[in-house]
Protein chains: 2
Amino acid sequence: MALGKNYEGQNCSLARALELVGERWTLLVVRDAFYGVRRYGDFLAHLDIPRAVLADRLATLVEAGILQRHRYQNSPPRDEYLLTDRGIELWSVIYPLMRWGERHFATGEPLRTFRHAACGTEIDPASRCPACGHVDVPPGDVESHTGPGIPAQPRQDPVSVALRQHPHRLLQPLF
Amino acid sequence: MALGKNYEGQNCSLARALELVGERWTLLVVRDAFYGVRRYGDFLAHLDIPRAVLADRLATLVEAGILQRHRYQNSPPRDEYLLTDRGIELWSVIYPLMRWGERHFATGEPLRTFRHAACGTEIDPASRCPACGHVDVPPGDVESHTGPGIPAQPRQDPVSVALRQHPHRLLQPLF
DNA sequence: TAGCCTCGGTTCGTTCACCGAACTGAGAGG
DNA sequence: CCTCTCAGTTCGGTGAACGAACCGAGGCTA
C-alpha cells in the first residue's frame with residue numbers, strides 16, 4: 001500500500017496516515033511493540049506473519065520514524081525495534097480500535113484488559129481512568145491483564161505465554 | 001483481507017476489528033460517510049477507487065453493520081449508504097488517526113479543521129473541546145471547516161467542491 | 001417508439017502484494 | 001569442523017487490486 005499506487009489523490013492527512021499504518025499487519029506489529037515485543041523472531045512467532053512481510057513492515061516503520069532500531073548486543077550483533085514517541089502516539093488509535101472491535105465483534109469475554117497502573121482500574125475506551133479521573137492515560141501507565149475470555153487452548157509461543165503469565169506494563173520489554 | 005486468509009490465529013479484538021476496517025480503502029469510505037457522502041457515485045468520484053473495489057467495500061461494510069443501505073427514492077430506485085451507530089463509533093478511531101497523520105506527515109498547514117459546532121473552537125486530537133471543556137465531542141456536534149493549507153489546484157469533483165464551499169456538520173448529507 | 005442519458009454496478013485481463021517454504025549468511029558454541 | 005540460532009532474502013504460486021470496458025434498469029426527449 002505504501003509505494004507506487006497509493007492514495008495520492010487524497011490530499012488528506014488520514015490518507016497519508018493510512019499509507020504508513022494501513023497496510024496489512026502493520027498495526028498488529030505496532031500493537032505487539034506496545035506489548036513489549038522487540039525482536040524479529042518474537043514478532044514472527046506471535047503474529048504468524050510471513051517472514052518477508054515482517055521484514056518489509058519493520059523496515060517501513062523504521063523509515064517512517066515509528067520504530068527505531070537499536071543494537072542491544074554486539075556478539076552476535078542483535079538489534080531490537082523500539083517505539084519512538086511518534087509510534088507511542090499511535091496508542092490513541094490502537095486502543096479505541098481494539099475496544100470498538102471488542103464491543104461489536106467479540107465472541108465472549110475480553111481476552112485482555114487494560115488497567116491504570118496507578119490505581120488498578122480498567123481504562124475506558126477513550127483512555128480515561130474512571131476511578132482517578134485521569135483523562136488520556138498514556139500507554140506507559142497502562143498495565144495489560146489477562147481477561148476472563150481466555151481460551152481453553154491458548155497459544156504457546158513465548159510471547160503469548162509471557163503475556164499470560166502476569167500483568168505487564170505496556171512498553172516494558174517482555175523478556 | 002476479510003475472507004479466507006485472515007488473522008484467525010490472533011484471537012485479539014484488534015485483529016478482528018482490522019479484518020473489517022483494515023482493508024485498503026475501507027477507512028476512507030467511512031471517513032467520506034462522516035463527511036456526508038452517501039451515494040455510490042459520490043464515493044467513486046471523491047475517492048478515485050476502482051468501481052469493483054468500492055462495490056465490494058460497501059457490501060462488506062453493510063454486512064458488518066457499519067453502514068446501512070436505505071432506499072431514498074423509488075423511481076428510479078436509488079439507495080444511499082448511511083452510517084449506523086456502530087459506524088459512528090469509529091469516529092473515535094478515525095479522528096485521532098487523522099490528527100496523528102497531520103502532526104507527523106503533513107506538508108504545510110491542515111486542509112480541514114474540525115470545530116465544536118456549539119462554540120466554534122477547534123477540537124483537540126483526543127476529541128475534547130478546549131473552550132467549553134466538553135470531552136468526547138460526538139461527530140454529530142462537529143463542523144468541518146476548510147483549513148489554511150488548501151492547495152492551489154483543489155479537486156473539482158462535486159464532493160470536494162461541496163466540502164470546500166462552506167462549513168459542514170458531520171453526518172449531515174452533503175447535497 | 002427510438003435513441004440517448006445516468007446511475008450503480010459486473011466482467012475481465014493485467015499487475016502487484018501476500019503467502020509459505022526453502023535457502024543464506026553471520027556469528028556463537030561445542 | 002560441525003551444528004545451532006537468529007534475521008533475514010529468494011522464489012514460485014495465488015489472490016486481491018487496478019482500470020477500462022461492458023451491462024441493465026429506468027428515466028427523459030422527441
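Proteins get letters first, then strands, A, B, ... in listed order; numbering begins at 1 in each.
Residues in residues 130-142 of chain A take part in these side chain to side chain donor-acceptor pair (under 3.5 Å) pairs, two or more places apart or across chains: Asp136(A)-Arg128(B). Sequence neighbours left out, the pairs with a member in residues 65-81 of chain A that pass salt bridge (charged side-chain N to carboxylate O under 4.0 Å, His left out) are Arg38(A)-Glu80(A), Arg69(A)-Asp79(A), Arg71(A)-Asp79(A). Pairs of residues two or more places apart, or lying in two chains, that qualify as salt bridge (charged side-chain N to carboxylate O under 4.0 Å, His left out) and include a residue from residues 86-95 of chain B are Arg103(A)-Glu89(B).
In this structure, CG of Asp157(B) is placed 14 Å from P of dC7(C), rounded to the nearest angstrom. Note: CD (Glu80(A)) to P (dC6(D)) measures 15 Å, nearest angstrom. Atom CG of Leu54(A) is separated from atom C1' of dA17(C) by 16 Å (rounded to the nearest Å). Distance CD (Glu23(A)) to P (dC18(C)): 6 Å, rounded to an integer number of Å. Rounding to whole angstrom units, CG of residue Asp56(A) and C1' of dG20(C) are separated by 16 Å. Distance, Phe43(A) CZ to dC6(D) P: 15 Å, rounded to whole Å. Atom pair Leu58(A):CG and dT9(D):P shows a separation of 10 Å (rounding to whole Å applied). In this entry the distance linking CZ of Phe175(B) with C1' of dC7(C) reads 14 Å, nearest Å.
Checked by atom type, the side-chain pair Gln68(A)/His70(A) shows no donor-acceptor distance below 3.5 Å.
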Legend entry - Per-nucleotide protein contact string for nucleotides 22-30 of chain D, where B marks a base within reach and S marks sugar-phosphate only (heavy atoms under 4.0 Å, - for neither): ----SS---
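Among the atoms of the strands shown, none is found under 4.0 Å from any heavy atom of Arg38(A). Using a 4.0 Å heavy-atom distance criterion, Tyr81(A) is classed as a sugar-phosphate-only contact.
Applying the ring pair (Phe, Tyr, Trp, His ring centres under 6.0 Å) test to Tyr35(A) and every residue at least two apart in sequence or in another chain returns nothing. Under the side-chain contact (heavy atoms from CB on, under 4.5 Å) criterion, Ala59(B) pairs with no residue, sequence neighbours left out.
Listed nucleotides dA17(D), dG20(C), dG8(D) differ in distance to Tyr40(A); the shortest reach to its side chain belongs to dG8(D). In the set dT11(C), dC18(C), dG9(C), dC18(C) carries the atom at the smallest distance from any side-chain atom of Arg57(A).
Here the straight-line distance linking atom CZ of Arg57(B) with atom CG of Leu67(B) works out to 13.0 Å at 0.5 Å rounding.
Between Arg24(B) and dA17(C) there is no side-chain N or O to OP1 or OP2 distance below 4.0 Å. Distances shown here put a side-chain N or O of Trp25(A) below 4.0 Å from the OP1 or OP2 atom of dC19(C).
Of the residues near DNA chain D, Ala52(A) and Tyr72(A), the one whose nearest nucleotide (by heavy atom distance) lies more toward the 5' end is Tyr72(A).
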